[in-house]
2 protein chains.
Amino acid sequence: MTQVKIKHDCKLELNDVALRATPARIAVMKFLENTTTPVDVQMIKNYLDKQNVSSDAATVFRIMNIFTEKGITRQISFNEGKFRYELASREDHHHLICKNCGKVEDFSYCAIPALEKDIQKKKGFLVTSHALEFYGLCESCKDRQN
Amino acid sequence: MTQVKIKHDCKLELNDVALRATPARIAVMKFLENTTTPVDVQMIKNYLDKQNVSSDAATVFRIMNIFTEKGITRQISFNEGKFRYELASREDHHHLICKNCGKVEDFSYCAIPALEKDIQKKKGFLVTSHALEFYGLCESCKDRQN
DNA sequence: ATAGCATATGCAATAGATTTGCAAGTAGTA
DNA sequence: TACTACTTGCAAATCTATTGCATATGCTAT
Ligand SMILES: [Mn+2]
Ligand SMILES: [Mn+2]
Ligand SMILES: [Zn+2]
Ligand SMILES: [Zn+2]
């Protein structure tokens with residue numbers, strides 16, 4: 001009854017897509033695995049600093065670009081004038097963005113797939129992905145609006 | 001039977017929201033009325049130059065910010081690292097963005113309103129607006145993919 | 001039509017986000 | 001362990017967007 005705990009191996013996952021497993025890349029993956037909200041480059045850089053992983057903003061930008069190209073992450077924009085990133089492995093879901101405090105919640109229900117077929121039929125446009133964001137007020141801001 | 005052609009009066013529309021009708025603002029409104037795709041600041045600036053309307057990028061940014069604040073325009077992001085704008089008077093609709101050639105088509109059908117009520121009920125989040133973009137390949141790129 | 005004033009613009013400087021060139025460092029492989 | 005292609009750090013360059021300030025102009029009240 002030797003229960004083998006197969007913990008997620010970042011190195012293998014990186015090598016699988018022909019990327020070298022460097023300390024910075026591994027740390028970024030761990031960070032993404034443990035955050036529930038899409039993060040921006042500055043947040044990632046702060047995390048690396050805190051973990052004493054040597055890095056540089058340019059490197060983080062490069063990492064996020066290549067992760068996105070390789071399909072490890074997904075680049076998102078909430079009209080903030082900068083990008084955020086989340087693991088692409090997170091299932092199809094969308095975001096509830098509070099216009100007052102900026103909090104981002106995940107929202108999993110998705111009714112879009114049916115719509116995509118319609119679009120293909122009516123417009124001849126082949127949908128390969130979509131982005132859906134809801135803006136408004138989160139539960140706490142809704143009451144005591146700041 | 002004097003058919004009075006009431007053409008849209010930019011000056012009145014601007015004054016209605018307490019904005020002065022300057023040449024640049026009027027030209028921007030005309031441009032937005034005649035484009036079918038959300039435009040960015042550079043495109044607007046190019047149009048103003050072509051029309052010999054004196055302007056400056058800083059001024060265009062200021063105009064688009066105040067138009068958006070006043071509800072004349074809507075700020076949109078297609079993950080390009082910059083904003084685009086379209087008239088807010090355009091009814092609720094979404095966009096089909098070709099990943100190959102960048103063409104943007106409008107798509108009017110919207111099945112989201114029902115979903116918004118669900119969100120309010122399940123998450124207590126008050127939805128005030130949403131953004132939905134479809135990415136993929138437009139009809140022509142779908143065939144002879146470049 | 002004109003004066004007066006608050007608003008808008010032009011221009012230059014500044015702030016942020018992201019990209020790029022290049023020399024030095026390192027992961028993966030033999 | 002040595003080799004080589006891939007990565008990184010750092011500085012400089014690009015872009016997008018914002019801001020300060022002096023000047024210009026739209027709007028309102030004579
Ligand atoms: Mn998410
Ligand atoms: Mn549109
Ligand atoms: Zn909130
Ligand atoms: Zn296309």
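Order of the sequence lines fixes the chain letters, A, B, ..., with proteins taken first and strands second; residue numbering starts at 1 for each chain.
A side-chain contact (heavy atoms from CB on, under 4.5 Å) with B:Lys70 is found for exactly one of B:Ile66, B:Thr73, B:Thr68, namely B:Ile66.
Counting to the nearest Å, the C1' atom of D:dT8 and the CZ atom of A:Phe67 are 14 Å from each other. Atom CD1 in B:Ile44 sits roughly 13 Å away from atom P in C:dT9 (whole-Å rounding). The separation between A:Arg84 atom CZ and C:dG16 atom C1' is 15 Å, rounded to whole Å. Atom CZ of B:Arg25 is separated from atom C1' of C:dT9 by 9 Å (rounded to the nearest Å). Rounded to an integer number of Å, the gap from CD1 of A:Ile66 to C1' of C:dT19 is 14 Å. Straight-line distance from the CD1 atom of A:Ile63 to the C1' atom of D:dG9: 12 Å, rounded to whole Å. In this structure, A:Lys45 places its NZ atom 15 Å from P of C:dT18, rounding to the nearest Å.
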Nucleotide N/O to protein N/O under 3.5 Å, stretch nucleotides 16-19 of chain D:
from	atom 1	to	atom 2	distance (Å)
D:dA17	OP1	B:Phe83	N	2.9
D:dT18	OP2	B:Asn65	ND2	2.9

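The shortest side-chain heavy-atom distance between A:Lys123 and B:Leu96 falls under the 4.5 Å cut-off. Inter-residue side-chain proximity for B:Leu14 and B:Arg25 is flagged as met; some heavy-atom pair is nearer than 4.5 Å.
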What one-letter contact string describes nucleotides 23-30 of chain D from 5' to 3', where B marks a base within less than 4.0 Å of any protein heavy atom, S marks contact via sugar-phosphate atoms alone, and - marks no contact?
-> ---BS---

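Looking at residues two or more places apart in sequence or on another chain, you find a side chain to side chain donor-acceptor pair (under 3.5 Å) between B:His94 and B:His130.
Of the side-chain N and O atoms in A:Ser54, one or more sit less than 4.0 angstrom from OP1 or OP2 of D:dG9.
If you look at A:His95 and A:Phe78, their ring centroids are closer than 6.0 Å.
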